Every structure is written in structure tokens, then in C-alpha cells.
*Asks:* 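Attaching a single structure in C-alpha cells format; questions to follow.
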Amino acid sequence: MSDCIFCQIINKVIPAEFVYEDDDMVAFLDVNPVHPGHALVMPKQHVEKFVDVSPENCKAIAGVIQKIMKSLTGDLGYDGVNLIQNNGAAAGQIVPHLHFHVIPRKSGDGFAHWHGQGYANGEAALWAAKMRAALETTDAA
Ligand code: 5GP
Ligand code: ZN
């Protein structure tokens, strides 16, 4: 996709600080990190959403994420990691090329989690039943 900024980075048209690359996957530093080392992991193949990724790439991307996470809390000395994937514009996805944020965290760094809204009485059980039914007819990669 010639107009995709991440495809342009992958194709070395636009510069980025790469931390990992193989035949199918790349990881490079987010230009606007929560902390230094905040990495974006993605398949080279242009797909927009996680549901679009092939089974092979699904497995491969998990391996790269795990490797980067281990380095952040290992040699690089961070205390924790958030794994975030904004999937669709409604969920805050700005760049429409599937990517996972691997975000290193320090104890007490103050970056906020979302605020949960709770469930009304009985609502959680209804949602769980609805989801189990939906999952019966939903395929995964
Ligand atoms: P999204 O909201 O789509 O999950 O996040 C996109 C991320 O890509 C943002 O955190 C943003 O800082 C990062 N980003 C956007 N443009 C560039 C770029 O040109 N280079 C790099 N390295 N990161 C980018
Ligand atoms: Zn792309």
C-alpha cells in the first residue's frame, strides 16, 4: 500500500529506528513513546486489523512481541509492559496497518489505565452468555 506510512517505513522509504526484522515481521520504535523503547510490532504484509492477519503471521507476531517484551523487562530493566493493539478507528487506531504497541512501564510512572464502568446487576452473566453464543459461530485465525 503505497500511501500507508508503515508500509513506507517497512520498505525503507521513510526512516525509523528498527529493533527487529525478519522475512515477515518488523518492529521499530514509536516516534512518540510512552517511555524509550516503546516499540511497534507488525507484519510486513499490509493488513488493517487483527482479524485480517493470516494464521502463520498471527503466530509469528506473537513470538516477536514476546521476544521484545522479554528484552524490556530483562536486559533493559523495565518493571512491566503493556501490550496494546488499537483495532479500528473507534478504538483509536490512527495508522491503518495492523500493529501492536509494546509499551515498557516503570513502577509508579503514573500512566493511567482506562476507567471501567462496572456492570448492572445480572448484566455480566447476560453478556457472557451472549459472547459464548457468538463465539460458537466465530472462526479464528
Ligand atoms: P495507533 O493509534 O494507530 O495505534 O498508533 C499509531 C502510532 O504510530 C502512534 O503511537 C504514533 O506515535 C506512531 N507513529 C505515527 N507515525 C509514525 C512514524 O512516521 N514513525 C514512527 N516511528 N511512528 C509513528
Ligand atoms: Zn501498510
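Counting starts at 1 for both ligands and their atoms, in listed order. Every heavy atom of this structure was used, including side-chain atoms; hydrogens, water molecules and symmetry mates were not. Only a predicted model underlies this, so the values are computations on that prediction, with no experimental measurement involved.
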*Asks:* Ignoring hydrogens, what is the shortest heavy-atom contact between N57 and Q45? Give both atom names and the distance.
*Replies:*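 Minimum heavy-atom separation between N57 and Q45: ND2-OE1, 3.6 Å.
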*Asks:* For N86, counting its heavy atoms only, list the atoms of ligand 1 lying under 4.0 Å from any of them.
*Replies:*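 Listed by number with element: 1 (P), 2 (O), 4 (O).
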*Asks:* For atom 23 (N) of ligand 1, what is the closest protein heavy atom, and at what distance to 0.1 Å?
*Replies:*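 Residue, atom and distance for the closest contact: V31 N, 3.3 Å.
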*Asks:* What is the minimum heavy-atom distance between P43 and I61, and which atoms define it?
*Replies:*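 Scanning both residues completely, I find the closest heavy atoms to be CD-CD1, 3.7 Å.
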*Asks:* Taking only heavy atoms of G92, which atoms of ligand 1 are found under 4.0 Å from at least one of them?
*Replies:*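 With G92 as reference, the close atoms of ligand 1 come out as 1 (P), 2 (O).
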*Asks:* Do the ring centers of F6 and H46 come within less than 6.0 Å of each other?
*Replies:*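 Not close enough - the centres of the two rings lie 6.0 Å or further apart.
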*Asks:* Please identify which atoms of ligand 1 are closer than 4.0 Å to at least one heavy atom of I94.
*Replies:*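 In order of numbering, the contacting atoms are 1 (P), 2 (O), 3 (O).
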*Asks:* How about H99 and H101: are their ring centres within less than 6.0 Å of each other?
*Replies:*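 Ring centroids of H99 and H101 are less than 6.0 Å from each other.
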*Asks:* Using a 4.0 Å cutoff against the non-hydrogen atoms of F28, which atoms of ligand 1 qualify?
*Replies:*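 Going through ligand 1 atom by atom, the ones under 4.0 Å from F28 are 22 (N).
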*Asks:* For atom 15 (C) of ligand 1, find the nearest protein heavy atom and state the residue, atom name and distance (0.1 Å precision).
*Replies:*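 So the nearest neighbour among protein heavy atoms is V95 CG2, 4.2 Å.
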*Asks:* Distance check, rounded to the nearest 0.5 Å: N11 atom CG versus K44 atom NZ?
*Replies:*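 Spacing of CG (N11) from NZ (K44) equals 9.0 Å.
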*Asks:* With a 4.0 Å heavy-atom cut-off (strictly under), which part of I84 contacts ligand 1: side chain, backbone, both or neither?
*Replies:*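 For I84, no heavy atom sits under 4.0 Å from ligand 1.
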*Asks:* Of the protein's non-hydrogen atoms, which lies at the shortest distance from atom 12 (O) of ligand 1, and what is that distance?
*Replies:*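 I find the closest protein heavy atom is D30 OD1, 2.5 Å.
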*Asks:* In H46, the N, O or S atom nearest to the Zn ion (ligand 2) is which?
*Replies:*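 For H46, the N/O/S atom sitting closest to the Zn ion (ligand 2) is ND1.
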*Asks:* Does ligand 1 have any atom sitting under 4.0 Å from a heavy atom of H99?
*Replies:*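 For ligand 1, residue contact (heavy atoms, under 4.0 Å) with H99 is present.
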*Asks:* Is there at least one pair of N or O atoms, one from L40 and one from ligand 1, spaced under 3.5 Å apart?
*Replies:*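 No, no N or O pair falls under 3.5 Å.
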*Asks:* Please write down residue, atom name and distance for the protein heavy atom closest to atom 8 (O) of ligand 1.
*Replies:*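 Of every protein heavy atom, F6 CZ, 3.5 Å lies nearest to atom 8 (O) of ligand 1.
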*Asks:* Can you name the closest pair of heavy atoms from H38 and N32 and give their distance?
*Replies:*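 The pair with the smallest heavy-atom distance is ND1-O, 4.4 Å.
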*Asks:* Describe, in one word, how the ring planes of F111 and H35 are oriented to each other, choosing from parallel (under 30°), tilted (30 to 60°) and perpendicular (over 60°).
*Replies:*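 The arrangement is perpendicular - the two ring planes meet at more than 60°.
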*Asks:* Find all atoms of ligand 1 within a distance of less than 4.0 Å from any non-hydrogen atom belonging to H101, and give their numbers and elements.
*Replies:*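 Listed by number with element: 1 (P), 4 (O), 5 (O), 7 (C), 10 (O).
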*Asks:* For F28 and I9, which heavy atoms make the closest approach, and how far apart are they?
*Replies:*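 That closest heavy-atom pairing would be CE2-CG2, 3.5 Å.
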*Asks:* For Q85, which part has a heavy atom under 4.0 Å from ligand 1: side chain, backbone, both, or neither?
*Replies:*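 No part of Q85 comes within reach of ligand 1.
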*Asks:* Among the N, O or S atoms that H97 has, which is closest to the Zn ion (ligand 2)?
*Replies:*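 Among the N, O or S atoms of H97, the one closest to the Zn ion (ligand 2) is ND1.
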*Asks:* Under 4.5 Å between side-chain heavy atoms, hopping through other hydrophobics if needed: is there a path connecting L72 to V41?
*Replies:*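 Yes; tracing contacts between hydrophobic side chains, which count when under 4.5 Å, links both residues.
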*Asks:* Grab the two heavy atoms, one from P104 and one from P36, that are nearest each other, plus how far apart they are.
*Replies:*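 In this case the closest contact between P104 and P36 is CG-O, 3.7 Å.
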*Asks:* Check contact between I9 and ligand 1, using heavy atoms of the residue and a distance below 4.0 angstrom.
*Replies:*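 Within the 4.0 Å threshold, so yes.
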*Asks:* Return the residue, atom name and 0.1 Å-rounded distance of the protein heavy atom closest to atom 19 (O) of ligand 1.
*Replies:*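 Residue, atom and distance for the closest contact: I5 CD1, 3.4 Å.
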*Asks:* Step by step, would you call L83 with V102 a side-chain contact (heavy atoms from CB on, under 4.5 Å)?
*Replies:* CA-CA 5 Å; L83 175 63; V102 185; 4.2 Å; yes
*Asks:* Considering non-hydrogen atoms of the protein only, which is the closest contact for atom 22 (N) of ligand 1, and what is the distance?
*Replies:*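 The protein heavy atom lying closest is L29 O, 2.9 Å.
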*Asks:* Tell me whether E21 is salt-bridged to K12, with the criterion being a basic N under 4.0 Å from an acidic carboxylate O.
*Replies:*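 Answer for the salt bridge query: yes.
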*Asks:* Counting from 1, what ligand 1 atoms have a heavy atom of N32 closer than 4.0 Å?
*Replies:*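 This gives 12 (O) as the contact atoms.
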*Asks:* Locate the shortest heavy-atom distance separating C58 from V53; write the atom from each residue and the value.
*Replies:*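 So the two residues come closest at CB-CG1, 3.9 Å.
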*Asks:* Taking 4.0 Å as the limit for heavy-atom contacts, which would you say applies to F18 with ligand 1: side chain only, backbone only, both, or neither?
*Replies:*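 The answer is neither.
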*Asks:* Consider ligand 1: state whether an atom of it lies below 4.0 angstrom from any non-hydrogen atom of H38.
*Replies:*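 So H38 does not count as touching ligand 1.
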